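The sequence lines fix the lettering, A, B, ..., with proteins before strands; numbering per chain opens at 1. As the structure is a computational prediction, the values presented were derived from the model and not from experiment.
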Number of protein chains: 2
Amino acid sequence: MFTTVLTRGPVVRPEIARITGLSSAAVTKAVKPMIEAGYLEELPQGERAVEGAGRPAYPLAVRADREFFVGVKVTADELIGVVTDLRAQVRDAHRMAVSGRSVEQVVADIAALVRELGPEYAERTHHLGLSVSGDVDRPGGVVRYSPFLGWHDVPLAELVAGETALMVTVENDVKALTVAEQWFGEGVGADSFALATVGVGIGCGLVVGGRLVAGGYGVAGEIGHVPVAAGDGPACHCGARGCVEAIASEEAIVGRARAVSGDPALDMAGAIERAHGGDAAVRAVFAEAGQAIGLGLAAMVNLVGPERVVVSGEGLAAYDLFEEDIRAAFTTQLFGAAARCPLVVRPLPWEEWARGAASVSIQSLFAA
Amino acid sequence: MFTTVLTRGPVVRPEIARITGLSSAAVTKAVKPMIEAGYLEELPQGERAVEGAGRPAYPLAVRADREFFVGVKVTADELIGVVTDLRAQVRDAHRMAVSGRSVEQVVADIAALVRELGPEYAERTHHLGLSVSGDVDRPGGVVRYSPFLGWHDVPLAELVAGETALMVTVENDVKALTVAEQWFGEGVGADSFALATVGVGIGCGLVVGGRLVAGGYGVAGEIGHVPVAAGDGPACHCGARGCVEAIASEEAIVGRARAVSGDPALDMAGAIERAHGGDAAVRAVFAEAGQAIGLGLAAMVNLVGPERVVVSGEGLAAYDLFEEDIRAAFTTQLFGAAARCPLVVRPLPWEEWARGAASVSIQSLFAA
């Protein structure tokens, strides 16, 4: 009920009843304590109000500044933090280099970042959302495995809660970004959609039936481990062969660009520069990566059937080098009516990922 | 509410409240009209009853013979029909060759089959479920595309309703089988599971968040069109290359077995015979098919994260020839904790597919 108002903006009670399937009486009853607690307010009848058959309807809106939320995207080099209001609008942002990759260092850094983040918001901030790439147990608040930090089974929520006195949620970074899209972005009102990210890894957050797909064993959306070249494809860090990630991750692209260019010191920026400069062999490396990504996306669409796919991630810096191949492989591989599924490319800065972490903490407020 | 009693068997009111999240008062209120209409009955306190803190609890059960349902699996050669009760238990079954593949012929044949099916059930039968392979628009009752029948945009539900005076549902055959598993089989109580079928085609029904995944554009579970050998794989009838179905469908296996054996008249039974007889080249064809199926299943699990996977289909006749390769590829390709997902193989005769069609019509009774 509350999420309807939160994600749709000012909305009148009959409309809430229509969307949620609740009776008018049930809506009125549910709304009352939320108004009393200050989370919702009745707007004067403005241009967004509509006349019902009976009494005039006053639109309900979320009081965005009732409470604030901190979101932090944790990477191996840097913390990216934001403060948002209840509507996930970013009010403040800070970045901070991590002092090291040990659990103690990162926990201390997060606590320091929280202290830096807008003290003017402090008294109305009770929730902190963290997002980390890798295998995260959100209900347990545990980072089960983070390859980039080298962590195994770290009870991060508990540790950070001890240092900050905030209620802490931890979620996989791609899933957190998907929650932000679902509640406050392209996914509002969609029964299903997919958010794929291209970069160091290749991941995907899925919403099906209006819910984030968590996976029966905590694994879902692993588009990077769709085997698109199983027979003679390159070995993947996961132990299999021919995975999308073995062909199209940043590490895979750099490795192959080094091999074809004969320059063992080449990095991603250098590979992009060579490709832009007309090096046909390095361009072909990007083209193959694009084809693998397009096939992985199409496999996902053929299996899951999302209404739309959003592609983002830091890998978009090289997007002009593989967009054509992504789209060609995607289109060829889509089955039947799935060909109508749009593929939207949208760059999202790191602060959007931090906003995703904040969105998860907003969500946790209402799940509780 | 009703589905809780239907799928869990006799169950006391407090247990219904726990499973559905409804209040005891709401359960009692909802149950009353269902008892009056004869769909539910109160059992005497038997061994399945439990003592609550207060009044004794009488288990509620579905009155299975309150209403009967006809399910028909429509194939290009044959109709397979069953009558089930409200609990989807098969009471009667008939098969009938089709007189031809035209819409008129098949509609007339379905009507004839319905007349043959247990006249003793007639007065309590109001619903007929049909299942067809291919692209089916269930809400519209339309077979959008059936490759085996050669049909496009056939309003089958309307046509058959006109001939039988029953309320008719049409669903894709694999999805219908998945509904039967979800409501009355391995899927009861599971938040997510997958049912894959191997045979003429390779398909998959998915349940996520307790709901059958329909796909934003009506396409989902197309495990047959996961590109596992995109680079140099064989051409698929869908227009792409290296799809699972291009390697592991019955047609693909027979085609390759003919090529490697040099026998252009070889059929599936002959190919299986040669493989069992020790023909290494034909055995290798089955091994490659098994590998492709295992990779497709693993891609699905990595993306969707079902709690378990059931594999069935008429292709199981050759299962001993590719089980080892299916399992090896599946296990190697699963990512992280997804390796815990069990793969269960279970033969399902055609009557089970017809029961799936009946299950969809039972479901439609309560959706309405």
Side-chain angles (χ1 to χ4, degrees), chain A residues 134-135 144-145 190-193 204 206 208-233 236 238-243 288 291-292 295-296 298-308 329 332-341, chain B residues 134-135 144-145 190-193 204 206 208-233 236 238-243 288 291-292 295-296 298-308 329 332-341:
Chain A
D135 184 359
R144 281 194 292 233
Y145 176 50
D191 186 69
S192 62
F193 76 95
C204 184
L206 296 170
V208 172
R211 280 169 44 178
L212 187 69
V213 179
Y217 303 94
V219 173
E222 287 293 348
I223 207 169
H225 300 284
V226 170
V228 294
D232 53 356
C236 183
C238 75
R241 299 194 78 85
C243 295
E288 280 169 46
Q291 195 203 24
L295 292 171
M300 181 272 291
V301 172
N302 288 345
L303 284 166
V304 181
E307 291 171 20
R308 64 191 305 156
T332 304
Q333 190 63 42
L334 289 177
F335 184 69
R340 287 153 55 199
C341 179
Chain B
D135 184 0
R144 281 195 292 232
Y145 176 50
D191 185 70
S192 63
F193 76 96
C204 184
L206 296 169
V208 173
R211 280 169 43 179
L212 187 69
V213 180
Y217 304 93
V219 173
E222 287 294 348
I223 205 167
H225 301 284
V226 170
V228 294
D232 53 356
C236 184
C238 75
R241 298 195 79 84
C243 295
E288 281 168 47
Q291 194 202 24
L295 291 172
M300 180 273 290
V301 172
N302 287 345
L303 283 166
V304 181
E307 289 169 21
R308 61 191 305 154
T332 305
Q333 191 63 43
L334 288 177
F335 185 70
R340 286 154 53 199
C341 180

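Chain B forms more heavy-atom pairs under 4.5 Å with one residue of A:Ala299, A:Gly221, A:Gly215 than with any other, namely A:Gly221. Your options are B:Leu295, B:Val213, B:Asp135, and the one with the most heavy-atom pairs under 4.5 Å with chain A is B:Leu295. Counting heavy-atom pairs under 4.5 Å between each of B:Cys243, B:Ala292, B:Ala220, B:Gly242 and chain A puts B:Ala220 at the top.
Of the atoms belonging to A:Cys341, heavy atoms from both backbone and side chain fall under 4.5 Å from chain B. Interface remark: A:Arg211 contributes side-chain atoms only to the contact with chain B (heavy atom separation under 4.5 Å). Heavy atoms of A:Leu206 lying under 4.5 Å from chain B belong exclusively to its side chain. Heavy atoms of A:Val228 lying under 4.5 Å from chain B belong to its backbone as well as its side chain. A:Ala338 touches chain B through backbone and side chain together, each having a heavy atom under 4.5 Å away.
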Without placing hydrogens or testing angles, list every side-chain donor-acceptor pair under 3.5 Å for residues 300-307 of chain A, not counting sequence neighbours.
from     : atom 1 : to       : atom 2 : distance (Å)
A:Asn302 : OD1    : A:Phe335 : N      : 2.9
A:Asn302 : ND2    : A:Gln333 : O      : 3.0
A:Asn302 : ND2    : B:His225 : O      : 3.1
A:Glu307 : OE2    : A:Asp191 : N      : 3.3

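Partners of A:Arg241 under the side chain to side chain donor-acceptor pair (under 3.5 Å) rule, at least two apart in sequence or in another chain, do not exist in this structure.
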